[in-house]
There are 2 protein chains.
Amino acid sequence: MPDQDNLDSAVAELGWQAQKSAATRNAILDSAISCIVEYGYRGTTTTAIAQKAGLSRGAMLHHFPSKLDIVRGAVEHLHKKRLKAFRKAMTRSSEGGQDRVLLGVDAFFDHVRHPLFVAFLELSVAARTDPELAGILKPTAEAFEREWYQTAKEVFPEWQGRDEQFDIALDLSRYVMEGLAISSLTHRGGDRDRRVLRYLADKLHELRDA
Amino acid sequence: MPDQDNLDSAVAELGWQAQKSAATRNAILDSAISCIVEYGYRGTTTTAIAQKAGLSRGAMLHHFPSKLDIVRGAVEHLHKKRLKAFRKAMTRSSEGGQDRVLLGVDAFFDHVRHPLFVAFLELSVAARTDPELAGILKPTAEAFEREWYQTAKEVFPEWQGRDEQFDIALDLSRYVMEGLAISSLTHRGGDRDRRVLRYLADKLHELRDA
DNA sequence: ATTGAAACCGACAACTCTGACTGTTAGTTT
DNA sequence: AAACTAACAGTCAGAGTTGTCGGTTTCAAT
């Protein structure tokens with residue numbers, strides 16, 4: 001056991017190599033997600049990932065033996081990042097003492113316009129015609145949904161006892177948001193989008209109070 | 001002018017070759033759309049299109065010199081088919097004398113679960129990272145949206161004078177439906193989806209009557 | 001019937017991506 | 001200090017995709 005607790009505990013605990021390895025792995029996974037956003041899932045090549053991560057293909061294939069290994073890691077990586085970002089945005093919005101519903105809607109809207117959601121959308125669509133990817137994505141996506149639901153329930157405790165309304169509110173919000181997100185891929189609806197969001201917030205209020 | 005109006009007017013007007021050419025082109029475009037649904041846009045190869053259309057690659061490339069030409073044709077083809085199917089479903093639903101809103105919601109829901117919508121979704125997502133495809137798809141998608149809106153207005157004349165409510169109703173329906181469609185790619189929500197649709201129909205009634 | 005054009009077929013070269021391989025440098029252990 | 005392991009780089013062959021090209025069959029017109 002190398003237990004010379006003196007200077008850099010991270011170095012001491014992991015060693016330089018292990019630390020560098022972890023950093024490189026992170027860089028690769030970040031690069032993979034970035035490539036998925038920039039080139040699409042099927043357009044993402046190992047060459048591009050390595051290049052954007054700043055190392056050679058050979059080096060990358062040392063950390064992840066095959067492309068599918070990278071994908072596995074990237075999906076997991078994305079899942080964690082997305083959940084963290086969602087939780088952060090939601091709790092932050094719930095702290096502003098004003099209209100919690102409205103803040104939540106805005107935060108959610110930001111969430112589906114974030115590159116991380118684009119990456120997820122890209123993966124979801126690709127998984128439809130790629131069984132291997134589907135096998136990787138499906139469990140993670142289901143886990144995300146469960147944790148997402150749990151988070152929402154924690155952040156909005158004032159809905160307690162209104163379970164059915166809360167479920168409808170969540171589902172409705174989610175579908176509107178995601179529909180909005182994919183529609184914004186082709187068309188740029190500014191005012192009409194805002195109007196729908198306002199209407200949505202209005203209905204959420206009703207669901208909570210009525 | 002070969003005007004021997006005797007038996008087959010189509011043959012007489014077009015000639016066997018022209019007729020066969022048109023039929024083959026249709027088969028190719030149908031095959032292309034089918035491949036997009038089955039293999040995804042980036043996974044669609046000219047080999048697969050030709051095979052599914054039942055002719056050789058060489059023959060296909062006689063009708064469409066390049067893959068991009070096929071894509072152009074397929075996008076246009078898809079646009080027409082989708083609009084026709086939508087109009088048909090909507091007018092049919094409006095004829096059933098019962099709850100027109102509910103029938104419309106069901107028809108719309110069927111529409112976004114149809115393979116043609118899947119193909120459109122596939123193209124939309126691919127276009128995000130493919131400028132050439134985007135250049136082809138964007139004008140067509142915009143045209144579809146305009147004609148879709150027009151159709152809806154014709155089919156539901158009882159909303160006349162309630163333009164703002166009607167716009168909200170349409171946008172809301174569309175986003176919920178499309179969000180529902182992409183969510184169904186990963187998860188299979190049966191009851192909860194139905195509940196949201198019921199809620200949606202309820203709100204559409206409100207928008208119309210209130 | 002023969003000539004021309006259009007539909008159709010198969011083979012080919014150029015390109016790209018992936019995974020496997022060999023070699024090199026840097027850090028760790030004894 | 002030596003043996004060992006991990007990180008990294010570059011090259012290679014194989015598979016797949018696209019577009020081009022020459023050749024064959026089928027229809028139309030003179």
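Bear in mind that the values here come from a model prediction, so they are computed numbers and not experimental data. First the proteins, then the strands, lettered A, B, ... as listed; each starts at 1.
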*Answer yes or no on whether A:R82 is positioned over the face of A:F120, meaning its NZ or CZ is under 6.0 Å from the six-membered ring centre and within 45° of the axis.*
yes
_Side chain of B:S56 only, heavy atoms from C-beta on: which candidate in C:dG10, D:dG19, C:dA7 is closest?_
C:dG10
*With a 3.5 Å cut-off and just heavy-atom distances, do the side chain of A:R57 and the base of C:dG19 make a donor-acceptor pair?*
yes
_Closest to the A:H62 side chain, choosing from C:dC9, C:dT18, D:dA6_ = D:dA6
_Proximity to the side chain of A:L55 - top-ranked nucleotide from D:dT18, C:dC8, D:dC8_ = D:dC8
*Value in whole Å for how far the P atom of C:dA7 lies from CD1 of B:I28*: 10 Å
_Using salt bridge (Lys or Arg N to Asp or Glu O under 4.0 Å), reason through B:E147 and B:R87 one step at a time and then give a plain yes or no._
CA-CA 10 Å; B:E147 297 170 54; B:R87 170 164 266 141; 6.0 Å; no
*asked:* Below the 4.0 Å mark, does D:dA6 have OP1 or OP2 next to a side-chain nitrogen or oxygen of A:H63?
replied: no
*Does the side chain of B:T24 get closer than 4.0 angstrom to OP1 or OP2 of C:dC8 through an N or O atom?*
yes
*Among C:dG19, D:dT18, D:dC8, which nucleotide sits nearest the side chain of A:A59?*
D:dC8
_Minimum-distance nucleotide (side-chain atoms of A:T46 versus D:dC8, C:dT18, D:dT20)_ = C:dT18
*Between P of C:dG19 and CD1 of A:I49, the distance in whole Å*: 11 Å
*Which nucleotide in the set C:dT18, C:dC8, D:dG19 lies at the smallest distance from any side-chain heavy atom of A:T47?*
C:dT18
_Taking B:S183's backbone N and O only, do any of them form a donor-acceptor pair with B:H187's side chain (distance below 3.5 Å, no angle check)?_
yes
*Sub-3.5 Å donor-acceptor pair from the side chain of B:S31 to the main-chain atoms of B:A27, do we have one?*
no
*Mapping B:G54 and A:G58 to their closest nucleotides on DNA chain C, which lands nearer the 5' end?*
B:G54
